Amino acid sequence: MSPAGVVPLLGSVAAVVSEAISRVRPDLPDADPAVRRSDRADFQSNAALPLAKKTGTKPVELAGALVQHLEGIDPAVVESVTVSGPGFLNITVSDTAIWSQVAARLADDRLGVPAAESGHRVVIDYSGPNVAKEMHVGHLRTTIIGDSLARVLGFFGAEVIRANHLGDWGTQFGMLIQYIDEHPETPWHQDDFTESQDSAVSALDALYKAARSRFDADPEFADRARRRVVALQTGDERTVARWKEIVAESEKAFGAIYHRLGVLLTADDYAGESFYNPMLADTATELLDKAVAVASDGAVVVASEEVTGPDGTPAVLMVRKSDGGYGYDSTDLATIRYRITSLHADRLLYVTDSRQALHFRLVFETACRAGWLTDSVAVDHVAYGTVLGPDGRPFKTRAGGTVRLMDLLDDAVTAARAVVAEKNPDLPAAELDVIAEQAGIGAVKYADLSTSRIKDYTFDPARMTAFNGNTGVYLQYAHARIRSILRKAEDLDGISVDPSATLEPAERELALTLDGYGAVIAEVGVTLEPHRLAGYLYELARAFTGFYDTCPVLTAAHPVRGNRLALSQLTARTLAHGLELLGIAAPERL
């Protein structure tokens with residue numbers, strides 16, 4: 001397959017319309033052909049309307065002139081063109097062109113989609129849990145959305161650097177380390193636990209809360225904790241060794257959740273705040289030297305030139321605190337500087353919730369003023385909404401606490417198990433376990449990714465795991481159903497497409513839907529909105545259902561049988577690949 005992939009039929013039709021426009025109006029060589037899918041024909045072009053306005057002619061007359069040229073430019077693609085309404089062109093593509101397209105995509109291991117991002121380096125900052133704290137519902141969306149974008153951009157050929165920005169540095173670790181040393185009897189290593197509900201990170205979380213309470217109530221402990229912070233920051237061997245143990249135990253817990261979620265993040269992708277700590281002083285110095293940052297009451301700050309606060313004063317980033325310490329702002333400034341100047345990223349994506357929009361706007365502005373962020377580097381804050389509970393409020397436990405991510409996943413898998421067992425009561429227990437896990441995790445991911453990321457959504461395991469409706473389980477079932485049909489066919493290696501066959505309406509609809517796959521995932525790569533792919537896969541599954549209900553596959557005579565098997569196989573591959581880009585398993589059986 002050529003690097004350009006398979007040109008979609010929409011692209012071929014657009015080229016034909018552009019050629020017709022150039023013949024009718026050679027004075028408008030760059031006119032938009034304005035072609036899209038239509039429910040009145042295969043495609044529709046409304047190019048005549050804006051062109052007529054621009055040239056002072058009647059749209060219907062210009063459309064008629066275009067028709068005279070369209071059918072003769074590439075008859076292998078365009079079968080017929082009619083004018084409707086004020087000047088719309090309704091374009092029908094030839095059956096041969098559609099079947100040829102199916103054959104070309106089926107023959108390509110990339111389904112005809114080009115590697116358009118080859119040579120680009122993209123850094124995606126996502127997940128970012130805090131060491132010594134359990135991952136909770138607040139980490140769900142950043143992890144799932146970031147992982148899907150990493151998959152999509154990686155498929156397009158970009159070199160994707162997954163950056164898991166762990167919260168592994170700061171004053172809280174001095175407090176925690178001091179408390180652990182004063183309570184050596186308290187278990188917190190993973191090897192100390194045998195019950196599945198206990199873990200090192202949950203123990204560390206509890207120890208931190210106890211340390212915080214002790215710090216607030218006991219001035220002498222607070223003094224010892226502060227000295228421990230200094231020891232950590234100055235590299236005291238014993239303190240650093242304990243800190244590394246805490247980080248290692250936390251990373252084990254993160255890894256277990258990432259493995260269960262099926263995301264791409266590994267230990268190689270961890271780059272915590274501690275990694276950037278040695279860069280903070282140089283970052284502050286450079287910002288001062290370039291007069292981007294200024295001294296203010298002993299601190300070093302950047303006053304925004306674009307954003308003002310409620311009182312009308314400039315919004316501020318704290319580059320260095322008045323006590324000489326560094327915080328969240330400092331680390332993010334050092335991070336963006338490193339990713340541009342050392343990693344030489346072409347594109348930066350920060351996948352965090354929408355409440356951090358102002359913070360990242362200030363970071364990006366500072367990076368521009370410092371000369372790090374230039375027109376050759378694209379940067380986006382990939383913001384998202386909140387996961388809500390049944391009451392329509394941010395998801396909490398009944399006691400009002402934060403919901404552990406592992407508990408949330410357990411709930412979804414339990415709901416999926418009940419649905420799958422009801423659908424297939426004869427499934428062996430071991431197979432039911434595997435399918436329930438795939439369906440439950442897939443349901444969580446799809447519920448998230450099928451929602452526009454800027455919107456909130458309600459976590460509802462029963463709705464998420466339904467076999468009917470726009471759910472991950474529905475798509476997994478659709479894929480498994482097609483695979484079952486293909487297994488019964490047995491002769492898949494001999495599938496060949498006869499391009500001379502006449503298309504039934506349901507075949508045409510399915511084939512044209514399949515033809516739009518590359519455009520949809522390209523759109524995701526630009527807009528960073530995975531819900532567009534989720535919506536496409538749902539429509540593809542529905543198109544296949546319409547096809548299968550009206551077009552017999554296995555009982556059809558040759559060559560119709562071969563063509564319909566080809567459509568079925570291409571649909572299964574497209575569904576599986578699309579689900580993979582969403583990070584969702586595509587079971588062979590469900």
Side-chain angles (χ1 to χ4, degrees), residues 128-133 163-184 186 188-189 200-201 203-252 254 267 270-289 293 295-302 317-339 341-342 363:
N130 293 313
V131 164
K133 294 184 179 180
N164 194 354
H165 193 79
L166 303 182
D168 67 349
W169 197 250
T171 57
Q172 69 270 28
F173 289 100
M175 185 191 309
L176 176 60
I177 292 168
Q178 186 62 34
Y179 190 86
I180 287 174
D181 279 5
E182 294 182 12
H183 297 80
T186 305
W188 58 273
H189 287 83
V201 74
L204 285 167
D205 201 340
L207 284 170
Y208 172 73
K209 292 173 182 175
R212 178 80 252 183
S213 297
R214 178 82 178 277
F215 183 91
D216 293 339
D218 184 346
E220 292 184 359
F221 174 77
D223 287 340
R224 294 194 297 276
R226 291 189 186 98
R227 290 195 293 272
R228 206 55 181 266
V229 173
V230 175
L232 177 62
Q233 293 175 339
T234 56
D236 174 69
E237 185 175 337
R238 181 165 165 268
T239 302
V240 170
R242 179 68 80 194
W243 170 77
K244 287 182 177 178
E245 284 184 80
I246 294 170
V247 171
E249 291 294 338
S250 298
E251 288 181 352
K252 289 178 187 175
F254 302 154
Y270 299 156
E273 293 172 350
S274 61
F275 177 80
Y276 303 100
N277 192 61
M279 309 174 195
L280 301 182
D282 287 345
T283 300
T285 298
E286 182 176 345
L287 291 172
L288 281 169
D289 290 345
S296 175
D297 296 327
V300 175
V301 302
V302 175
L317 276 180
M318 184 67 67
V319 180
R320 189 172 65 218
K321 300 176 184 178
S322 57
D323 62 2
Y326 298 95
Y328 184 61
D329 292 351
S330 318
T331 303
D332 276 348
L333 288 169
T335 300
I336 195 169
R337 174 176 177 254
Y338 171 79
R339 289 171 179 170
T341 61
S342 296
V363 169

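What you see is a predicted model, and the numbers here were worked out from it, not measured in a lab. Throughout, numbering of the chain's residues begins at 1 and tracks the sequence.
Between Arg320 and Ser330, the side chains place no donor N or O within less than 3.5 Å of an acceptor N or O (distance only, hydrogens not considered).
Counting heavy atoms from C-beta outward, Thr186 and Ile180 have side chains that stay 4.5 Å or more apart. For the pair Val201 and Lys252, the minimum side-chain heavy-atom distance is 4.5 Å or more. In this structure the side chain of Leu317 reaches within 4.5 angstrom of the side chain of Val363, judged on heavy atoms.
With rounding to the nearest 0.5 angstrom, the NZ atom of Lys133 is 9.0 Å from the NZ atom of Lys209. Expressed to the nearest 0.5 Å, how far CG of Leu280 lies from CD of Glu273 amounts to 9.5 Å. With values rounded to the nearest 0.5 angstrom, Leu232 atom CG is found 13.0 Å from Arg242 atom CZ. For the atom pair CZ (Arg228) and CZ (Arg224), the distance works out to 11.0 Å, reported to the nearest 0.5 Å. With values rounded to the nearest 0.5 angstrom, Met279 atom CE is found 8.5 Å from Thr341 atom OG1. Atom-to-atom distance recorded for Asp168:CG and Ile246:CD1 is 11.0 Å, nearest 0.5 angstrom.
Nearest heavy-atom pair across Ala299 and Ser322 is CB-N, 3.7 Å. The minimum heavy-atom distance linking Ile177 with Thr239 is given by the pair CD1-O, 3.8 Å. Across Val131 and Ser250, no two heavy atoms sit closer than the pair CG1-OG, 3.4 Å. The two residues Ala293 and Leu288 make their nearest non-hydrogen contact at O-CD2, 3.6 Å. Scanning both residues, Ala132 and Leu176, for their nearest heavy atoms gives CB-CD2, 3.6 Å. Taking both residues in full, the closest heavy atoms of Leu333 and Ile336 are given as O-CG2, 3.3 Å, listed atom of the first, atom of the second, then distance.
You'll find the ring centres of Tyr179 and Phe215 outside the 6.0 Å limit.
In this structure, Asp181 pairs ionically with Arg238, as a charged nitrogen and a carboxylate oxygen lie closer than 4.0 Å. A salt bridge is defined here as a Lys NZ or Arg NE, NH1 or NH2 lying under 4.0 Å from an Asp or Glu carboxylate O, and Asp216 with Arg212 meets this definition.
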| task | Go through the steps for Val300 and Leu287 under the test side-chain contact (heavy atoms from CB on, under 4.5 Å), then give the verdict. | result | CA-CA 9 Å; Val300 175; Leu287 291 172; 6.0 Å; no

| task | List the steps, then state whether side-chain contact (heavy atoms from CB on, under 4.5 Å) holds for Leu166 with Phe254. | result | CA-CA 10 Å; Leu166 303 182; Phe254 302 154; 4.1 Å; yes

| task | Before giving the answer on side-chain contact (heavy atoms from CB on, under 4.5 Å), spell out for Asp223 and Arg226 the whole-Å C-alpha distance, their side-chain angles and the decisive distance to 0.1 Å. | result | CA-CA 5 Å; Asp223 287 340; Arg226 291 189 186 98; 3.1 Å; yes

| query | When you look at His165 and Tyr270, which way does the ring pair (Phe, Tyr, Trp, His ring centres under 6.0 Å) test go after all the steps? | reply | CA-CA 6 Å; His165 193 79; Tyr270 299 156; over 10 Å; no

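Across Trp243, Tyr276, Tyr326, a single residue satisfies ring-ring contact (aromatic ring centres under 6.0 Å, His included) together with Trp169, and that is Trp243. For the side chain to side chain contact (heavy atoms under 4.5 Å, CB included) with Arg214, the qualifying choice from Met175, His183, Glu220 is His183, the only one to do so.
Between the side chain of Asn164 and the backbone N or O of Gly128 there is at least one donor-acceptor pair closer than 3.5 Å.
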